[in-house]
Amino acid sequence: FFFGTVPCHRLLLMRFAVNSVVFQKQPTYCCGVVVAKGIKNAAQNEELDKLLRDKITALANDASVTVESSEHIEKWFQVYPQVGIKGGRQKVQSNMTSMMRRVKKGQGDKIPFISTAVAISNLTQLSHLSPVGLYDLAKVSGDVELGEAGGDEAFKALMGDDTSSPEKGEICLYDGARNVLCRQWNTKPGAPGAVTVDTKDVVFDIESLMGREALQKAVDECVALVKQFCQPEETQSYIMSKEQPEAGDGIAADPDAGGAADAPAGGTKVTPWEVAGVVDYDKLIKDFGCDAITPELVARMERLTGCKPHRFLRRGLFFSHRDLKELLDRYEKGEPFYLYTGRGPSSESMHMGHLVPFMFTQWLQATFKVPCVIQMTDDEKFLFRGNSIEDLERMTKNNAREIIACGFDPDKTFIFSDFKYVGHMYTNIVRIQSCVTANQARGIFGFTMSDNIGKWAFPAVQAAPSFSTSFPHIFSPDKNVFCLIPQAIDQDPYFRMTRDVAPKLGFLKPALIHSKFFPSLLGPTSKMSASNTNSAIFLTDTEKDVKKKVTQHAFSGGGATKEEHQANGGNPDIDVPYQYLRFFLEDDDELKKIHDDYKAGRMLTGEIKQKLIDTVLPLLKDHQKRREETTDEVIEHFMSVRPLKF
């Protein structure tokens with residue numbers, strides 16, 4: 001559920017969209033997107049510079065074209081006040097209009113040649129009198145959308161010291177992390193996405209109020225200039241209009257620079273429903289616009305709670321966050337918060353990878369002494385996988401039993417089935433649905449017109465528990481209680497939608513804390529699956545099963561022979577037994593010794609596998625014992641609608 005198990009269509013980690021509200025305000029608006037990857041962005045090019053200077057000279061000498069007489073420019077001046085942008089014509093203007101004023105004043109020679117990409121942007125603007133935005137894809141987090149601001153987005157002006165957030169409802173261009181790339185439509189460019197000579201992947205945003213035909217000409221000429229002077233490895237172009245409000249298939253930075261939705265063979269792919277390749281977590285933090293969990297933040301948690309940090313925190317297995325600092329600020333002031341996590345009941349038994357998030361969430365509950373809600377998304381499995389309702393009811397009960405066995409406090413924990421509880425959340429669900437357009441849902445989740453309508457509606461069901469008023473039997477309806485959601489990093493794009501909606505509805509944005517991925521027993525290129533029982537250690541496995549799986553199937557980073565291993569050592573970074581020990585072995589000093597000995601060849605492959613068996617079996621047997629002690633009556637208590645004690 002929150003850990004990469006939701007079955008759905010792929011997410012485009014970079015898509016460019018125009019929100020329907022823009023077309024409501026200006027139906028004739030259209031936008032051209034030119035993407036160039038692997039460009040040579042030189043600081044100087046004589047031939048291109050001559051083209052730019054020739055265009056400047058021609059405009060300066062053409063008395064028939066002025067700022068005041070240009071139909072292109074006049075249309076923009078009419079649009080700005082219509083969408084609430086205040087200020088006179090000298091104050092509110094695009095970069096294109098500003099350049100035109102300089103040219104007509106005889107100051108065109110002061111327009112600098114910054115780089116080939118910037119020069120192409122300037123030449124396109126002056127040639128077609130269309131505003132053009134230019135952005136470095138490596139500096140853009142996730143999807144890009146032109147739409148209304150919520151009023152709390154981050155902004156830093158490209159020029160000057162302005163860091164004021166846009167006004168609520170202001171037309172802005174922003175990325176998936178809600179960083180504003182340009183305020184007041186196209187008149188106030190921001191620093192995020194700024195292009196330098198080191199930029200390798202760019203997107204040109206060419207805007208027009210003069211119709212698709214005029215825009216297509218500008219796009220075609222921009223593409224031709226890019227190919228001639230930037231020598232890109234790849235170019236793509238799109239036209240967006242009221243009829244086609246988004247582009248995105250293939251728009252992404254080079255996967256080696258982070259942020260790719262579809263990686264080439266041997267590359268990395270990270271979406272909420274698929275993880276492939278070797279993941280660079282530092283790049284993911286940058287791509288998603290999250291914050292790293294620093295040693296100082298972990299130390300602060302220890303200081304506030306008086307408890308030793310969980311090994312998942314000490315070892316960086318939970319490694320990034322959104323608003324965790326704010327949550328700790330509130331906790332320090334005595335303000336309450338609650339935990340929210342969940343499970344999609346898709347199998348009769350969970351595996352050790354499923355256990356990890358619940359182990360951590362239970363630790364958070366015990367450490368901070370806070371309530372926890374756990375959503376069982378049986379409705380999602382029905383809609384997306386086609387499981388029968390009867391099978392889902394049985395699997396929900398079985399999975400709830402395994403979750404309870406992790407040690408959750410029965411006085412502070414509410415586990416609920418969507419089938420049975422959704423009515424209590426319905427007012428929040430429809431509020432959320434009213435804030436997310438079909439275009440946004442399609443862009444985030446990849447829905448198609450052949451998908452059932454239940455799929456389109458479901459994301460709001462998973463978002464609703466982020467808001468405390470979804471649980472009136474636990475929290476006072478007039479209180480806005482902060483929420484913390486432990487999840488894997490691949491789920492972050494999904495909960496960005498939830499955080500975007502929150503302020504529009506008057507709710508607090510949920511805080512997020514992200515985990516790294518739990519590897520398949522078969523190695524980094526394989527996946528854990530119930531259909532391949534050797535890919536994971538399941539919670540119902542016997543001692544014999546565990547020993548066989550680890551000794552015969554666990555992927556090894558050791559040498560091919562004993563002699564080779566002792567001579568060259570092993571590779572703990574790819575060795576699955578060592579990676580599992582990072583999750584389950586409590587003693588930090590012992591783990592370090594194992595790492596050093598295995599890397600030096602002093603510990604053999606068989607020995608590290610045996611250490612994993614000796615570590616996992618007691619945990620597994622203890623969980624199985626507690627699961628057996630979890631009666632149907634206990635499950636009924638956890639899933640009953642009741643007040644919690646906290």
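- When atom types are taken as modelled, the side chain of K139 and the backbone of V195 share no donor-acceptor pair closer than 3.5 angstrom.
- Between W76 and Y29, the ring planes lie perpendicular to each other; the angle is over 60°, past the 30° to 60° tilted range.
- The shortest distance between side-chain heavy atoms of D152 and R178 does not fall below 4.5 Å.
- Taking every heavy atom of both residues into account, V140 and G193 meet most closely at CG2-CA, 4.5 Å.
- A donor-acceptor contact closer than 3.5 angstrom links the side chains of S164 and R183.
- Atom CH2 of W185 and atom OH of Y80 lie 8.5 Å apart (nearest 0.5 Å).
- Between T498 and P510 the shortest side-chain heavy-atom distance falls below 4.5 Å.
- Using a 4.0 Å cut-off between charged nitrogen and carboxylate oxygen, K188 and D162 count as a salt-bridge pair.
- Salt bridge annotation for E148-K25: present, with a cationic side-chain nitrogen under 4.0 angstrom from a carboxylate oxygen.
- A side chain to side chain donor-acceptor pair (under 3.5 Å) with N41 is found for exactly one of D136, T116, D198, namely T116.
- Note that the CD atom of E213 and the SG atom of C30 stand 11.0 Å from one another [nearest 0.5 Å].
- Using cut-offs of 30° and 60° for the angle between ring planes, the F517 and Y281 rings count as tilted.
- Residues satisfying the salt bridge (Lys or Arg N to Asp or Glu O under 4.0 Å) criterion with K200, sequence neighbours excluded, are absent altogether.
- Side-chain N/O atoms of N186 and S94 include no donor and acceptor closer than 3.5 Å.
- Side-chain contact of N428 with T469: a donor-acceptor pair under 3.5 Å is present, judged by distance alone.
- Looking only at side-chain heavy atoms (C-beta outward), I111 and V103 come within less than 4.5 Å of each other.
- Of the charged side-chain nitrogens involved, at least one lies within less than 4.0 Å of a carboxylate oxygen, so that D323 and R499 count as a salt-bridged pair.
- Under 4.0 Å is where a charged nitrogen must lie from a carboxylate oxygen, and between E74 and R89 at least one such pair does.
- Contact annotation: the side chain of V132 never approaches that of C222 to less than 4.5 Å [non-hydrogen atoms, C-beta and beyond].
- The pair E326-R330 meets the salt-bridge criterion, with a side-chain N (NZ, NE, NH1 or NH2) lying under 4.0 Å from an Asp/Glu carboxylate O.
- The environment of N61 atom CG is dense: over 12 non-hydrogen atoms of other residues, nucleotides or ligands sit within 6.0 angstrom.
- Among all heavy-atom pairs drawn from T187 and C182, the shortest one is N-SG, 3.9 Å.
- Across K37 and D201, no two heavy atoms sit closer than the pair CA-OD1, 3.1 Å.
- A donor-acceptor contact shorter than 3.5 Å is absent between the side chain of K242 and the backbone of V22.
- Side-chain contact between V83 and Q26: absent, with no pair of heavy atoms (C-beta onward) separated by less than 4.5 Å.
- Judged by distance alone, with hydrogens and angles left aside, the side-chain atoms of R102 form a donor-acceptor pair with the main-chain N or O of K110 at under 3.5 Å.
- No more than 12 heavy-atom neighbours from other residues, nucleotides or ligands sit within 6.0 angstrom of NZ on K325.
- A salt bridge does not link K333 to D329: none of the charged side-chain nitrogens sits closer than 4.0 Å to a carboxylate oxygen.
- By the 4.5 Å heavy-atom criterion applied to side chains, H321 and L297 are counted as neighbours.
- When the shell of 6.0 Å around CD of E167 is examined, it contains 12 or fewer heavy atoms from other residues, nucleotides or ligands.
- Going from atom CD1 of I171 over to atom CD of Q82 covers 12.0 Å, rounded to the nearest 0.5 Å.
- Using a 30° and 60° split on the angle between ring planes, H514 and F319 fall in the tilted class, from 30° to 60°.
- Here the straight-line distance linking atom CG of N45 with atom CG of L51 works out to 8.5 Å at 0.5 Å rounding.
- Contact record, V33 with V35: CG1-CG2, 3.9 Å, taken as the closest heavy-atom pair.
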Item to complete: Evaluate the criterion salt bridge (Lys or Arg N to Asp or Glu O under 4.0 Å) for residue pair K50 and D54; output intermediate values, then yes/no.
Response: CA-CA 6 Å; K50 185 177 185 304; D54 288 348; 3.0 Å; yes
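- Counted by atom type alone, T124 and S121 present zero donor-acceptor pairs between their side chains at under 3.5 Å.
- Note on residues 99-139: no pairs pass ring pair (Phe, Tyr, Trp, His ring centres under 6.0 Å), not counting sequence neighbours.
- The pair D492-R322 meets the salt-bridge criterion, since a charged nitrogen lies less than 4.0 angstrom from a carboxylate oxygen.
- Counting all heavy atoms, side chain and backbone alike, N480 lies closest to G506 at ND2-O, 3.0 Å.
- Looking at every heavy atom in both residues, E207 comes nearest to S130 through O-CB, 3.2 Å.
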